[in-house]
Amino acid sequence: MQKKLKLWDAVMLVMGSMIGSGIFIVSADMMRNLGSGYWLIVVWIITGIMTVAAAISYGELSSLFPKAGGQYTYITEIFGKKMGFLYGWGLFTVIQTGTIAAVAMAFGKFTAYLVPDLNNAAPIFQSGEFQITWIQILAIAVIILLTYINTRGVESGKILQNLFTGSKILALLGLIALGFILVDFSHLSENFSFGTDSFSNLIKDKKGNFLQSGWEPISGMTLMGGIAAAMVGSVFSSVAWESVTFVSGEIENPKKNVVKAMILGTSAVMLLYIAVNFVYINALDRDSIAFAANDRVAVAASQNIFGSAGTVIIAVLVMISTFGCNNGLILAGARVFQTMAKDGLFFKSAVNNNKNQVPGNALWMQGIWASILCLSGQYGNLLDMISFVIVLFYMITVFGVIYLRIKQPDLERPYKTWLYPITPIVYLFIGTAFCVLLLIYKQQYTWPGFLIVLLGLPVYYLINRNKKADS
């Protein structure tokens, strides 16, 4: 593969893939679970520590295996083809494609702010609860457009990524600065006045709307469950940074630049996220965050900051953010499926590069499945289930750093995990607590996603049986 991506491009890919629509929405549900500005910030800090600790740990593996496929390659090299296939299966069926679908739909929904006819138009097709809307068609059009651009060569995807990521970083910095300068009345002290006390408000009326009068104090293990439930949102908003490892084969000096990109990119994004949440608790009171219309906290905050123009400002920002995010996800994901195909674990036609030296067939396969998920309307449910599985695979990969140190201590490691073994252990501790608490308190977020991944086992055995029959 041609080395066309420099360190700056890799950092932009990390940041661009992370910053999608989540940061503009998830804080509403987090506030409903915790009811305090203090705990809202604490959960974002925990997620930040977790994310950067994982990135630092992944750095050691990226220097050992500096080739395309990234996390899939690490898991396969350390734990074998079966475990690598299960990760790749989960990535194709839900993790990467489901995220692409969800981000594209967010683009469509925020576009409808600027073009109300998109919301008001009758469905193109409807049968019972299933419907196809113009917003879904717009989301699919975005996926197809970005897939096409990326089939034109890595240079095209790189330019688009840098442009849109740079734009949204500048826009977020502007929102953060103006969120303190232009707000007439600060709610900061009010939102922190609860101190370490926490509350939840998850009671709904018959129409499914949350009751604003339903705040109840929580503590002990119930608080732990609330933190885990809140982290579903913050974790979902903070994933996809590992996408840069998928394109290791196209990055200059991957043994050094991949780890630098992951650490710099994740650290910068988590600082931005924490700052944006300070804007929310400065511009809005607790109820306005928890019960923002359609969970669009950023829209509510922006209206307090910019007045009536706030809705348009945030709609444009989210459109820029989601467009750039999806470009990064589409660019990176196809490289994993191509690597799987080379290992005989994916469609054979995904092996070859096109005339522009990019995996064109793998890109289109990814784009078509993501488009089907858009039409199904199930991407949101899938992603609720999959945060648990994403963290499980992160934990398996981070554990791989410790496992390799024990099994193969003499391997030449161009980069060694900073503060080893503390850093991987910190991630494994937080990740285990998150997964166990979800299993106890929020099982709807756990078993369905886990079962989707386990469905890959019979597929794996079928592929291997066919291989033996052919040989």
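Values below: all heavy atoms of this structure, side chains included; hydrogens, waters and symmetry mates excluded. Bear in mind the structure is a predicted one, so any value in this text is a computation, not a measurement. FYI, the numbering just counts along the sequence from 1.
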Could you check whether Lys6 pairs with Asp9 (Lys NZ or Arg NE/NH1/NH2 to Asp/Glu carboxylate O, under 4.0 Å)? no
Atom pair OG1/CG of Thr99 and Leu373 - distance to nearest 0.5 Å: 10.0 Å
State yes or no: are the ring centers of Trp364 and Tyr148 separated by less than 6.0 Å? no
Kindly state whether the ring of Tyr72 and the ring of Phe85 have centres lying under 6.0 angstrom apart. no
Parallel under 30°, tilted from 30 to 60°, perpendicular over 60°: which one fits the rings of Phe164 and Phe323? tilted
Would you compute the distance between atom CD1 of Ile25 and atom CG of Asp295 and round it to the nearest 0.5 angstrom? 7.5 Å
Which residue is it: Phe65, Tyr415, Phe246, Trp241? I am looking for the one with a ring pair (Phe, Tyr, Trp, His ring centres under 6.0 Å) to Tyr58. Trp241
Relative to each other, are the rings of Tyr403 and Phe399 parallel, tilted or perpendicular (30° and 60° limits)? tilted
Taking every non-hydrogen atom, the tightest pair across Ile263 and Thr266: O-OG1, 3.4 Å
Could you walk me through whether Asp410 and Arg405 pass salt bridge (Lys or Arg N to Asp or Glu O under 4.0 Å), step by step? CA-CA 8 Å; Asp410 298 327; Arg405 286 282 189 111; over 6 Å; no
Under 6.0 Å between ring centres, would you say that holds for Phe337 and Trp89? no
Distance from Leu86 atom CG to Leu454 atom CG, nearest 0.5 Å? 7.0 Å
So which heavy atom on Ile314 is nearest to which on Ala298, and how close? CG1-O, 3.5 Å
Worked verdict on Phe346 versus Phe92 for ring-ring contact (aromatic ring centres under 6.0 Å, His included): CA-CA 10 Å; Phe346 199 69; Phe92 183 77; 5.2 Å; yes
Do NZ/NE/NH1/NH2 and the carboxylate oxygens of Glu77 and Lys67 come within less than 4.0 Å? yes
